[in-house]
Visitor: 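So that we are looking at the same thing, I have put the structure below in structure tokens.
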Amino acid sequence: MSTCALFDLAQEPDDRHFEMGDYQGPVARWCSGCGDHSVLTAVQRILADHQSKPEKTVFVSGIGCSSRFPHYLKTYGFHGIHGRALPLSTGVKLSRPDLDVWVVMGDGDCVSIGAGHWIHAIRYNVDMVALMLDNNIYGLTKKQTSPTTPQGYKSNTQPRGSYLPAMNPLEATLGVTNASFVAQTAEWLPAHLFATLQAAHAHKGFAWVRILQRCPHFTADIFGDVVKNPNQVELVVHDDGIRVPALDKMFEHQIEHDPSDLNRARELAEPADRIRLGLFYRDESRPRYEETRHLPHHSADEKIDLLAREFERYAV
Ligand code: SF4
Ligand code: MG
């Protein structure tokens with residue numbers, strides 16, 4: 001397909017073939033060198049590889065630099081409000097289980113204002129891919145301290161340095177009952193990023209991926225060294241997890257870890273000398289809310305009727 005007109009798709013035959021360009025929207029307006037560009041490219045490649053139907057794919061975001069994501073894709077999208085991407089996406093998936101739902105959040109969005117939703121989305125384990133693009137700062141609001149800002153790091157809200165130790169979202173996610181997929185990757189390693197997103201997309205359940213993301217505009221120094229020095233990275237590898245042979249020569253530090261082992265995953269998520277990237281935990285047998293709740297299917301007319309009756313109950 002050379003163009004992708006969503007509203008005409010219902011009439012098109014199902015032997016359509018999609019190229020990456022069929023998912024590409026307008027040119028992204030992130031800063032030059034921003035890690036969000038790599039994530040967008042990786043996601044578009046996944047969609048093309050998977051031949052995802054644009055009219056069956058939805059990207060939901062909150063507020064932040066990375067939350068502009070849905071604007072740059074020719075799929076359905078919902079640019080929501082700060083911290084509320086997860087309840088929105090949960091609603092989308094529960095009412096339309098046939099849709100492929102992705103959520104894109106920043107660190108402030110996911111683990112600060114959206115923290116309550118984050119914890120319960122893990123527990124509900126609704127089938128979707130949730131990406132947390134973590135640049136350790138609020139970028140859109142011009143360098144404000146976020147929960148993952150390193151302690152002592154100067155920002156516009158804490159000019160003498162962040163007072164508190166940075167939150168570890170990996171540990172927190174792995175601590176929530178019913179977590180089913182927890183991974184960490186980095187946007188400057190496209191092969192690893194792609195393999196991680198592929199595994200997350202294939203997962204049945206809530207696939208939560210923390211993507212370490214460079215923000216050259218406000219936090220260029222945070223990931224500067226680790227990008228240049230592979231010695232500061234340890235790959236978490238396993239045949240049932242994420243293994244990228246193309247990276248073997250570059251990364252001598254690798255640790256074998258069976259992603260079904262939750263206790264070991266929690267140990268590996270603790271702060272270490274090196275940043276660990278890979279699949280920490282996966283368990284597809286965890287109950288998914290959309291399955292256990294058995295939501296009845298309603299047609300659009302039935303839903304309108306239902307809403308009208310509810311409004312009627314509260315009418316004065
Ligand atoms: Fe990216 Fe940072 Fe620029 Fe935002 S401020 S677009 S995160 S480089
Ligand atoms: Mg951020």
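Order of appearance sets the numbers: ligands from 1, and atoms from 1 within every ligand.
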Visitor: Which of the atoms in ligand 1, numbered in the order shown and given with their element, are less than 4.0 Å from a heavy-atom of Phe218?
Guide: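 By the 4.0 Å cutoff, the relevant atoms are 5 (S).
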Visitor: Side-chain donor-acceptor pair under 3.5 Å between Ser146 and Asp107, yes or no?
Guide: yes
Visitor: If only side-chain N and O atoms count, and only distance matters, is there a donor-acceptor pair under 3.5 Å linking Gln232 with Arg274?
Guide: no
Visitor: What do we get for Asn135 next to ligand 1 when only non-hydrogen atoms under 4.0 Å count, side chain, backbone, both or neither?
Guide: side chain
Visitor: Think Arg288 forms a cation-pi with Phe206, using NZ or CZ under 6.0 Å from the six-ring centre and within 45 degrees of its axis?
Guide: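 That pair does not qualify as a cation-pi contact.
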Visitor: Identify, by atom number and element, the atoms of ligand 1 in contact range of Pro216, meaning under 4.0 Å from any of its heavy atoms.
Guide: 8 (S)
Visitor: Report the part of Cys31 in contact with ligand 1, treating N, CA, C, O as backbone and CB onward as side chain, heavy atoms under 4.0 Å; options are side chain, backbone, both, neither.
Guide: both
Visitor: Answer yes or no for Gln213: is there a heavy-atom contact with ligand 1 below 4.0 Å?
Guide: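 The answer is yes, since Gln213 has a heavy atom less than 4.0 Å from ligand 1.
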Visitor: Flag the pair Phe69 / Trp102 as yes when their ring centroid distance falls below 6.0 Å, and as no otherwise.
Guide: no
Visitor: Compute the centroid of each ring, for Phe181 and then for Trp208, and state whether the two points are separated by less than 6.0 Å.
Guide: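 Ring centres of Trp208 and Phe181 not closer than 6.0 Å.
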Visitor: I'd like to know: is atom 2 (Fe) of ligand 1 within the 2.8 Å range of an N/O/S atom from Cys215, strictly under that distance?
Guide: yes
Visitor: Within the 4.0 Å heavy-atom shell around Trp30, which atoms of ligand 1 are there?
Guide: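 What qualifies from ligand 1 is 6 (S).
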Visitor: Starting from atom 1 (Fe) of ligand 1, which protein heavy atom do you reach first, and at what distance in Å?
Guide: Cys34 SG, 2.3 Å
Visitor: Among side-chain atoms of Ser260 and Asp258, is any donor-acceptor pair under 3.5 angstrom?
Guide: yes
Visitor: What is the closest protein heavy atom to atom 4 (Fe) of ligand 1, and at what distance does it sit?
Guide: Cys65 SG, 2.4 Å
Visitor: Would you tell me whether Asp36 and Gln213 have side-chain atoms, one donor and one acceptor, within less than 3.5 Å of each other?
Guide: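 Indeed, the side chains of Asp36 and Gln213 share at least one donor-acceptor pair under 3.5 Å.
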